[in-house]
Amino acid sequence: MKQDGGPHPRPNDSPDLLGAAFNSMRELVFIVDRDFTIVFANHKALSVCLPANEGRLSGENIFTRLRGYGDLPLLAVVEQQLEQPEHSLYGDKINARFHASPDLVIPVEVCPSRFAFQGQNWVMMVVCDTRYRNDIHRFYYDRENELRDILDNVPDAILRVDSEQRLLYANETALQCMPRSAAAIGLKMNSLIGDSTLMEQINWSLQLVLRKHIQLEAVLHGVRSDSRVGRIYQARFIPEFTPQQTLKSVLVIARPASRQYFAEQQVRQTHEQLRQMTQKMQSSVENERKHMAREIHDELGQHLTSLRVGISLLGQNHPALQHDVEPLTQLVDGTIKVVRDIATQLRPAVLNMGLKPALIWLRDQFNKLRSGVCTLTIQPLPVSLCDDEVTAIFRVVQESLTNVQRHAKAREVEVKVLTRGNVVLICINDDGQGFDPGLVSEGAFGLLSMRERCMMKGWTFNIHSTPGKGSCVHIEIPYTQPGAAKVYDNE
């Protein structure tokens with residue numbers, strides 16, 4: 001169409017139009033007769049073959065310049081393509097070599113097509129120079145091989161499976177884990193992995209990813225023939241989608257984690273041993289405190305009391321000594337008070353009376369300082385707590401109230417002992433200035449000791465606090481054997 005919308009005029013000479021079209025093509029175009037003798041070559045063919053002479057190509061047989069690779073019978077292939085193009089083994093294009101000159105051989109693709117003109121059969125052969133495209137293919141082929149080498153050398157096993165769990169790809173590390181690595185591609189995963197326990201975990205993970213279309217991370221445990229834990233893998237399952245968001249495959253990246261797993265197991269066992277050792281030490285310390293408090297209170301207290309009685313009798317029997325006896329009596333009274341305070345600091349005697357009296361004593365001690373008001377609420381407990389449990393609860397609450405007194409600047413503190421299902425809850429709430437639990441210094445052994453005491457008992461310990469909004473210490477004590485309920489009044 002013209003720019004003004006009118007039709008272009010038809011050319012007066014159609015052969016000139018066709019010649020101009022052929023000569024503008026970047027491919028080499030040849031027209032040959034039934035004997036494959038060249039009768040026409042476009043400008044591109046002439047410029048490649050005969051830069052200085054345009055007339056010598058006519059009359060040449062095309063196969064003096066077109067040759068196949070190796071023992072490929074190019075003439076037979078071309079004839080088959082012309083006779084039955086739909087049954088050709090090589091498609092509509094044939095790879096060949098074009099000898100433009102004795103020193104120049106060009107890799108090409110040949111596309112032959114037959115047509116009839118003036119009662120004769122002719123063949124048009126379009127020859128495309130593939131050097132640039134081959135360079136591109138070679139570049140991407142080399143890059144693909146480099147990427148494949150990288151994937152084969154990584155220690156992680158990388159697999160791709162389809163929705164039927166057929167293996168589409170596996171790197172060298174993954175193939176080494178399979179008994180049939182040479183012919184693994186295309187087989188289902190359950191025929192490639194002999195460990196049924198490991199395969200069950202892989203199958204479950206793949207089904208979950210295929211069903212929910214989500215990424216999944218899992219730790220896979222293999223089992224050896226002696227029923228011991230075998231190889232451990234940390235695996236990630238990644239769904240892959242088509243541009244239409246249809247799930248096409250799942251990428252599996254599995255990293256051997258046996259060494260890390262067993263190292264973590266060893267560290268965990270070491271921590272557990274240290275925790276048990278610490279628990280025994282704390283139990284020994286508490287027992288020693290109990291024994292020392294009893295000895296100080298009973299033995300030393302009894303001796304001091306006897307001493308005081310003797311001094312009093314001495315003053316009564318000898319009035320002349322009353323002036324000298326009175327300071328001694330005051331000194332003994334002060335010593336008795338110090339001994340009682342030491343015994344109480346070691347282990348309050350009220351602990352031997354149970355949880356409720358012990359918490360009441362803590363509340364009263366806190367309120368004596370008048371830095372705030374502490375209230376106590378205890379619901380009926382469905383179980384009887386042993387002495388170790390009562391002591392642990394007492395120490396945690398004692399440490400919490402000490403922290404409130406030293407740091408919180410709280411006006412009100414509330415201690416609650418509640419029951420929720422099969423759990424005893426202990427909560428210590430205050431309205432103080434709060435803090436950021438993530439910024440607690442490493443030297444804060446009070447919080448650490450509270451947490452460790454609870455962990456050693458199998459309890460759950462949490463602390464919640466926000467600057468300016470107070471704090472809450474939360475302890476959960478599970479129980480499984482209900483006993484006779486102890487009815488406690490709210491305090």
Side-chain angles (χ1 to χ4, degrees), residues 271 274-275 278-279 282 285-286 289 344-345 347-348 350-351 354-381 385 388-479 488-491:
H271 284 178
L274 289 174
R275 189 168 287 120
T278 303
Q279 183 176 6
Q282 287 186 346
V285 169
E286 289 294 338
R289 282 184 171 188
T344 301
Q345 290 177 5
R347 178 180 170 87
V350 72
L351 263 177
L355 180 61
K356 180 182 178 180
L359 295 182
I360 293 176
W361 182 83
L362 280 178
R363 178 202 62 185
D364 295 340
Q365 290 295 114
F366 183 88
N367 289 333
K368 283 181 180 180
L369 301 175
R370 298 182 180 180
S371 58
V373 177
C374 179
T375 59
L376 174 64
T377 302
I378 304 181
Q379 288 185 350
L381 298 181
L385 300 176
D388 287 343
E389 293 172 329
V390 172
T391 301
I393 295 173
F394 176 85
R395 295 301 182 189
V396 172
V397 176
Q398 184 182 40
E399 183 64 31
S400 299
L401 294 179
T402 300
N403 290 338
V404 171
Q405 178 183 349
R406 292 178 179 176
H407 310 293
K409 299 180 180 178
R411 292 176 297 179
E412 294 183 1
V413 185
E414 187 176 21
V415 179
K416 293 182 179 180
V417 180
L418 312 172
T419 56
R420 295 290 184 272
N422 292 332
V423 175
V424 175
L425 302 179
I426 299 176
C427 304
I428 304 101
N429 302 313
D430 68 78
D431 61 354
Q433 60 185 2
F435 64 97
D436 185 353
L439 300 179
V440 176
S441 65
E442 296 181 356
F445 294 107
L447 295 179
L448 180 61
S449 65
M450 294 162 61
R451 188 181 303 276
E452 284 297 320
R453 282 182 182 274
C454 294
M455 291 181 64
M456 286 187 295
K457 294 293 184 182
W459 303 344
T460 301
F461 175 88
N462 290 296
I463 183 165
H464 308 283
S465 183
T466 302
K469 296 184 178 180
S471 59
C472 173
V473 175
H474 188 85
I475 305 170
E476 296 183 7
I477 305 174
Y479 64 89
Y488 293 147
D489 295 330
N490 290 346
E491 296 294 336

Heavy-atom closest contact ([X] atom, [Y] atom, distance):
X	Y	value
V404	F366	CG1-CZ, 4.1 Å
C374	N367	N-OD1, 2.8 Å
G354	V390	C-CG1, 4.0 Å
T419	P380	CG2-O, 3.6 Å

Can you tell me how far [atom2] of [Y] sits from [atom1] of [X], rounded to the nearest 0.5 angstrom?
X	Y	atom1	atom2	result
R411	D430	CZ	CG	11.5 Å
S400	I475	OG	CD1	6.5 Å
E399	L448	CD	CG	10.5 Å
R395	T402	CZ	OG1	10.0 Å
T377	L359	OG1	CG	11.0 Å
I378	K416	CD1	NZ	13.0 Å

>> K457 vs D388, test: side-chain contact (heavy atoms from CB on, under 4.5 Å). Steps then yes/no.
In response: CA-CA 9 Å; K457 294 293 184 182; D388 287 343; 3.3 Å; yes
>> Which residue in the set V423, I393, L381 passes side chain to side chain contact (heavy atoms under 4.5 Å, CB included) when paired with I477?
In response: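 Of the listed options, the one satisfying the test is I393.
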>> I want to check something: taking the side chain as every heavy atom from C-beta on, are L447 and M450 in contact at a cut-off of under 4.5 Å?
In response: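 A side-chain contact exists here, since the closest heavy-atom pair is under 4.5 Å.
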Any side-chain to backbone donor/acceptor pair from [X] onto [Y]? Under 3.5 Å, distance only.
X	Y	value
D436	P467	no
E476	N462	no
N429	E414	no
S465	G470	yes

>> Applying side-chain contact (heavy atoms from CB on, under 4.5 Å), can you list everything that pairs with P478, at least two apart in sequence or on another chain?
In response: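 For P478 the side-chain contact (heavy atoms from CB on, under 4.5 Å) partners, ignoring immediate neighbours, are W459.
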> Taking only residues two or more places apart in sequence or in another chain, which ones pass side-chain contact (heavy atoms from CB on, under 4.5 Å) with R420?
Replying inline: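 side-chain contact (heavy atoms from CB on, under 4.5 Å) list for R420, sorted by chain: Q379, L418, L425.
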>> Run I463 and F435 through side-chain contact (heavy atoms from CB on, under 4.5 Å) and show every step you take.
In response: CA-CA 11 Å; I463 183 165; F435 64 97; 3.6 Å; yes
> Can you list the residues that meet the side-chain hydrogen bond (donor to acceptor under 3.5 Å, both in side chains) rule with E412, with sequence neighbours excluded?
Replying inline: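 Partners of E412 under the side-chain hydrogen bond (donor to acceptor under 3.5 Å, both in side chains) test: none.
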